[in-house]
K.L.:
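Here it is, the structure in full.
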Amino acid sequence: MRWLRHVFAPSAQAAFPEASLDRIAHAIAEGERHHDGQVMFAVESDLPLSALWKGVSPRQRAEHAFAVLRTWDTEANNGVLVYLLLADHAIEIVADRGLAAHVDAAQWQQVCDHLREQLASGDREGAVLAAVAEMSQLLAAHFPPDPQRPRRNELPDRPQLLD
């Protein structure tokens, strides 16, 4: 059954048109004004057949995307990736060690649960915008901006389409 979902999955571009990607990028940039974390959003429609054959899980694929997109490559180790795998209806959050030391798995899971609930309504963009806002509040509580240090945007705000 999983194979069929991946073969017939909608493209990430169809799921998130350009205007939607622009609004999500704007929300990420705006959220990052209120905390010292670095948020990245990536969406993949389906896995390559080789990954399906090997039984790659959504979590493994998210960790791979975290590495390939260099989400870990921030000065303060404060990058976090929100990863959607459309074919599996999977949501994963992978946080770098600087965030993982302060934000526990239950807090990230709560963001995933809220995102999953809102995605079920069919409004993908609205669901992602709400998740970005929720993550920004969570990060602001643990990593408020440092007024002594100039803000650097180390990761792209634009969502990454991994098709």
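Computation of the quantities below employed the complete heavy-atom set of this structure, encompassing side-chain atoms and omitting hydrogens, waters and symmetry-equivalent molecules.
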K.L.:
Is there a side chain to side chain contact (heavy atoms under 4.5 Å, CB included) between Val82 and Leu115 once you walk through the steps?
P.N.:
CA-CA 10 Å; Val82 180; Leu115 179 53; 4.2 Å; yes
K.L.:
From Leu99 CG over to Phe143 CZ, what is the distance, rounded to the nearest 0.5 angstrom?
P.N.:
4.5 Å
K.L.:
In sequence, state the C-alpha distance, the side-chain angles, and the governing distance for Asp46 and Val7, and then conclude on side chain to side chain contact (heavy atoms under 4.5 Å, CB included).
P.N.:
CA-CA 7 Å; Asp46 59 297; Val7 169; over 6 Å; no
K.L.:
Side-chain contact, heavy-atom cut-off 4.5 Å: Leu161 with Leu21?
P.N.:
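Touching, per the 4.5 Å side-chain cut-off.
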K.L.:
Quick one: do Val103 and Leu138 satisfy side chain to side chain contact (heavy atoms under 4.5 Å, CB included)? Show the steps, please.
P.N.:
CA-CA 8 Å; Val103 181; Leu138 180 61; 3.7 Å; yes
K.L.:
Could you pull out the closest heavy-atom pair between Trp72 and Asp96, with the gap in Å?
P.N.:
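Heavy atoms only, the tightest pair is O-OD2, 3.0 Å.
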K.L.:
Would a hydrophobic clustering, with Ile, Leu, Val, Met, Phe, Trp and Tyr connected at side-chain separations under 4.5 Å, put Phe16 with Leu162?
P.N.:
no
K.L.:
When clusters are formed by joining ILVMFWY residues with side-chain heavy atoms under 4.5 Å apart, either directly or through shared neighbours, do Leu49 and Leu47 land in the same one?
P.N.:
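Same hydrophobic cluster.
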K.L.:
Are Ile24 and Leu85 linked, directly or through intermediate hydrophobic residues, by side-chain heavy-atom contacts shorter than 4.5 Å (ILVMFWY only)?
P.N.:
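No, it is not one cluster - the side chains of Leu85 and Ile24 are not joined through contacts under 4.5 Å.
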K.L.:
Within the structure provided, determine whether Leu155 and Val39 are in side-chain contact (heavy-atom separation under 4.5 Å).
P.N.:
no
K.L.:
Is a side-chain donor or acceptor of Gln38 paired with a backbone partner of Arg152 at a separation under 3.5 angstrom?
P.N.:
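Confirmed, Gln38 side chain pairs with Arg152 backbone.
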K.L.:
Assess whether a salt bridge exists between Asp22 and Arg158, defined as any Lys/Arg side-chain N lying under 4.0 Å from an Asp/Glu carboxylate O.
P.N.:
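Salt bridge: yes.
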K.L.:
Any side-chain heavy atom of Leu84 within less than 4.5 Å of one from Phe41?
P.N.:
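A side-chain contact under 4.5 Å exists here.
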K.L.:
Measuring from atom CD1 of Ile93 to atom CD of Gln110, what distance do you get when rounded to the nearest 0.5 angstrom?
P.N.:
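Reported to 0.5 Å precision, the distance equals 10.5 Å.
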K.L.:
Could you tell me whether the side chain of Leu86 reaches within less than 4.5 Å of the side chain of Glu44, counting heavy atoms only?
P.N.:
no
K.L.:
Testing the basics here: between Gly31 and Ser136, what is the closest heavy-atom pair and its distance to 0.1 Å?
P.N.:
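Scanning both residues completely, I find the closest heavy atoms to be CA-OG, 3.3 Å.
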K.L.:
Less than 3.5 Å apart, any donor N or O on the side chain of His6 or Asp88 sitting next to an acceptor on the other?
P.N.:
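Asp88 and His6 do have a side-chain donor-acceptor pair below 3.5 Å.
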K.L.:
How long is the span from the CG atom in Asn78 to the NE2 atom in His102, to the nearest 0.5 Å?
P.N.:
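Result: 10.0 Å between the selected atoms.
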K.L.:
State, yes or no, whether a side-chain contact exists between Glu18 and Gln13 at a heavy-atom distance under 4.5 Å.
P.N.:
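Yes. Closest side-chain heavy atoms under 4.5 Å.
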K.L.:
Do Gln107 and His142 come close enough that some side-chain heavy atom pair is under 4.5 Å?
P.N.:
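Sidechains of His142 and Gln107: in contact.
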K.L.:
To the nearest 0.5 Å, what is the distance between CE (Met135) and CD (Glu32)?
P.N.:
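The CE atom of Met135 sits 10.0 Å away from the CD atom of Glu32.
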K.L.:
For the atom pair CZ (Arg116) and NE2 (His89), what is the distance rounded to the nearest 0.5 Å?
P.N.:
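It is 11.0 Å, given to the nearest 0.5 Å.
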K.L.:
With heavy-atom distances below 4.5 Å as the criterion, would you say the side chains of Pro48 and Arg61 are in contact?
P.N.:
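Heavy-atom side-chain distance check passes, below 4.5 Å.
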K.L.:
So which atom in Ala9 and which in Ala87 form the shortest heavy-atom distance, rounded to 0.1 Å?
P.N.:
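Between these two residues, the closest heavy atoms are CB-CB, 3.7 Å.
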K.L.:
Minimum heavy-atom separation for Thr74 to Gly79, with atom names?
P.N.:
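Nearest heavy atoms, Thr74 then Gly79: OG1-N, 3.7 Å.
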K.L.:
For the OG atom of Ser20 and the CZ atom of Arg23, what is their distance to the nearest 0.5 Å?
P.N.:
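So the gap between those two atoms works out to 5.5 Å.
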K.L.:
Shortest non-hydrogen contact from Glu154 to Asp73?
P.N.:
OE1-O, 4.4 Å
K.L.:
Can you find a heavy atom in the side chain of Leu81 that is under 4.5 Å from one in the side chain of Leu69?
P.N.:
yes
K.L.:
Sort out for me which residue in Val80, Asp157, Thr71 forms a side chain to side chain contact (heavy atoms under 4.5 Å, CB included) with Met40.
P.N.:
Thr71
K.L.:
Show the nearest heavy-atom pair for residues His34 and Ala140, with the distance to one decimal.
P.N.:
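Result for this residue pair: O-CB, 3.3 Å.
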K.L.:
If you group Ile, Leu, Val, Met, Phe, Trp and Tyr by side-chain heavy-atom gaps below 4.5 Å, do Phe66 and Val132 land in one group?
P.N.:
no
K.L.:
Should Ile91 and Tyr83 be marked as a side chain to side chain contact (heavy atoms under 4.5 Å, CB included) after you check the CA-CA gap, both sets of side-chain angles, and the distance that decides it?
P.N.:
CA-CA 6 Å; Ile91 303 162; Tyr83 172 83; over 6 Å; no
